[in-house]
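Small disclaimer: the values here were computed from a predicted structure and weren't measured.
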Amino acid sequence: MFQSLAAQGLEVPAPLPLLGGRSNRVWRAGDLVVKLYLNRADNPLFDNDPSREISALEALSGTGMVPALVASGQFEGCSWLAYSHITGAPWQSDTPHVAQLLGRLHDQPLMPDLPMGRNGSRQLEQQSAAILARCPQDEPLLALLQDLRPIGQVPPNRQRALIHGDPVPGNLLAHDGTLTLIDWQCPQHGDPAEDLALFLSPAMQFLYRGTVLAPQESEAFLAAYPDPRIVGRYLALRPWFHWRMAAYCLWRSQGGAPLDRSALELEVQALRRSIIPSRA
């Protein structure tokens, strides 16, 4: 692949594999990051669309929220793209900073040709049920999750926004006192509460940061997000978001990955806590 890129005039000295990606292959090559998409289209929660990443990097260029796109193309039937390397580290602390970044993102103009995200409890329920339908019927935790289905209804948000769709700690780079979002393969026009839920998810925090957020960290995040109406939507939809993430972790754990099983347990614990008031 790198010989092919060099033949096209893209200098890629001594590429080194980068860790952390769960869907594609990524390398650091000098001042570039090169991503090769692996055409995995079976993920029921996170899309893997190179055209959407390219569009996002172009549309948000100059905002400081994305790395600079350098080139893109095809190699043996797979898409690739290259963007400028940012010297930094995956996000670890300061939840208000993330909340402010997401607030800025959600105020950006909508991009053309993006799909609509799930919106409201009915659509979240349908998506979660579809994920659970892909889990083995003899899985003991399947019955538990079916029994923990939240109740009540939250209507869709009529005002759609540009959302990242995967703002987990591994996709937030801290550098020079600021934050940049990477891995833009699943942006959508959706409910901003979706991004809040994905960042706050115990499973995603554990998988990418090694530990869940402390209660005060979550509270500080919600207090710093600039639109209290979206915070209210997140709180109303929280049981549904936890239920969907628990279903996703159960699906992921079918391969026997111990971390996904641990993430599932954390999300189930959060789900139980979130549904107690609605079932009291």
Side-chain angles (χ1 to χ4, degrees), residues 22-23 43-67 69 91 95-128 131 154-173 179-201 203-205 207-208 213 218 221-222 224-245 247-248:
R22 289 160 63 93
S23 301
N43 193 300
L45 183 55
F46 299 106
D47 293 334
N48 193 33
D49 187 338
S51 65
R52 283 154 68 180
E53 178 152 26
I54 292 168
S55 296
L57 297 188
E58 291 176 339
L60 297 173
S61 175
T63 64
M65 290 186 284
V66 301
L69 178 67
W91 177 88
T95 56
H97 198 170
V98 180
Q100 293 158 9
L101 173 66
L102 293 178
R104 285 182 57 216
L105 170 64
H106 299 154
D107 275 342
Q108 297 299 308
L110 294 176
M111 294 164 42
D113 302 323
L114 289 184
M116 293 294 183
R118 300 304 195 279
N119 196 341
S121 59
R122 186 178 299 277
Q123 291 188 7
L124 290 173
E125 178 183 10
Q126 293 170 345
Q127 185 182 29
S128 304
I131 296 172
V154 179
N157 187 347
R158 294 182 179 179
Q159 292 185 316
R160 303 289 182 112
L162 173 62
I163 64 175
H164 180 275
D166 191 13
V168 298
N171 291 339
L172 288 156
L173 288 181
L179 291 172
T180 296
L181 278 161
I182 61 172
D183 284 355
W184 283 86
Q185 57 257 31
C186 50
Q188 304 160 41
H189 294 161
D191 185 346
E194 175 100 6
D195 275 349
L196 274 60
L198 289 167
F199 174 75
L200 293 171
S201 160
M204 295 294 101
Q205 286 287 332
L207 288 171
Y208 287 96
L213 293 172
S218 298
F221 173 86
L222 295 175
Y225 185 79
D227 190 339
R229 297 170 299 174
I230 299 303
V231 172
R233 282 193 60 78
Y234 161 73
L235 293 173
L237 287 164
R238 182 161 51 182
W240 299 99
F241 285 128
H242 285 313
W243 192 53
R244 182 184 64 175
M245 186 57 72
Y248 176 73

Full working for side chain to side chain contact (heavy atoms under 4.5 Å, CB included) between W184 and L60 | CA-CA 11 Å; W184 283 86; L60 297 173; 3.5 Å; yes

F199 and L172, any side-chain heavy atoms less than 4.5 Å apart | yes

I182 CD1 to L173 CG distance, which is reported to the nearest 0.5 Å = 4.5 Å

Hey, could you give me the CE/CG distance between M65 and L179, rounded to the nearest 0.5 Å?
-> 11.5 Å

R160 side-chain N/O to H189 backbone N/O, donor-acceptor pair under 3.5 Å = yes

Quick one: does S55's side chain have a donor or acceptor within less than 3.5 Å of a partner on S51's backbone?
-> yes

F221 CZ to Q100 CD distance, which is reported to the nearest 0.5 Å = 10.0 Å

Could you tell me whether the side chain of Y208 reaches within less than 4.5 Å of the side chain of N171, counting heavy atoms only?
-> no

Hey, could you give me the NE2/CD distance between H164 and Q188, rounded to the nearest 0.5 Å?
-> 10.5 Å

Would a distance-only check, ignoring hydrogens and angles, find a side-chain to backbone donor-acceptor pair under 3.5 Å from E53 to C186?
-> no

Got L200 and T95 here, is their nearest side-chain heavy-atom distance under 4.5 Å?
-> no

Checking side-chain contact (heavy atoms from CB on, under 4.5 Å) against P192, which of N157, L105, L102 comes through?
-> N157

Check: S128 side chain, L124 main-chain N or O, donor-acceptor pair, under 3.5 Å | yes

Heavy-atom closest pair (L181 atom, P67 atom, distance to 0.1 Å) is O-CD, 3.5 Å

Do any N or O atoms from the side chain of D195 and from the backbone of G165 form a donor-acceptor pair under 3.5 angstrom?
-> yes

What pair of heavy atoms forms the shortest contact from L237 to S121, and how long is it?
-> CD2-N, 3.7 Å

Are the side chain of R52 and the backbone of P187 linked by a donor-acceptor contact shorter than 3.5 Å?
-> yes

Main-chain N/O of F46 paired with D166 side-chain donor or acceptor, under 3.5 Å | no

Distance-only side-chain donor-acceptor flag, D227 / H106, under 3.5 Å | no

Can you say whether the rings of Y234 and F241 are parallel (under 30°), tilted (30 to 60°) or perpendicular (over 60°)?
-> parallel

Measure from the side-chain N and O atoms of Q108 to the backbone N and O of R104, and report whether any donor-acceptor pair falls under 3.5 Å.
-> yes

Can you find a pair of side-chain heavy atoms, one from Q123 and one from M116, that are under 4.5 Å apart?
-> no

Taking all non-hydrogen atoms of both residues, which atom of N119 and which atom of R233 are closest, and how far apart?
-> OD1-NH2, 3.6 Å

Quick one: closest heavy-atom pair of V168 and L198, and the distance?
-> CG1-O, 4.2 Å

Give the minimum heavy-atom separation between S201 and M245, together with the two atoms involved.
-> OG-CG, 3.6 Å

Looking only at heavy atoms, what is the nearest atom pair of E194 and R118, with distance?
-> OE1-O, 4.0 Å

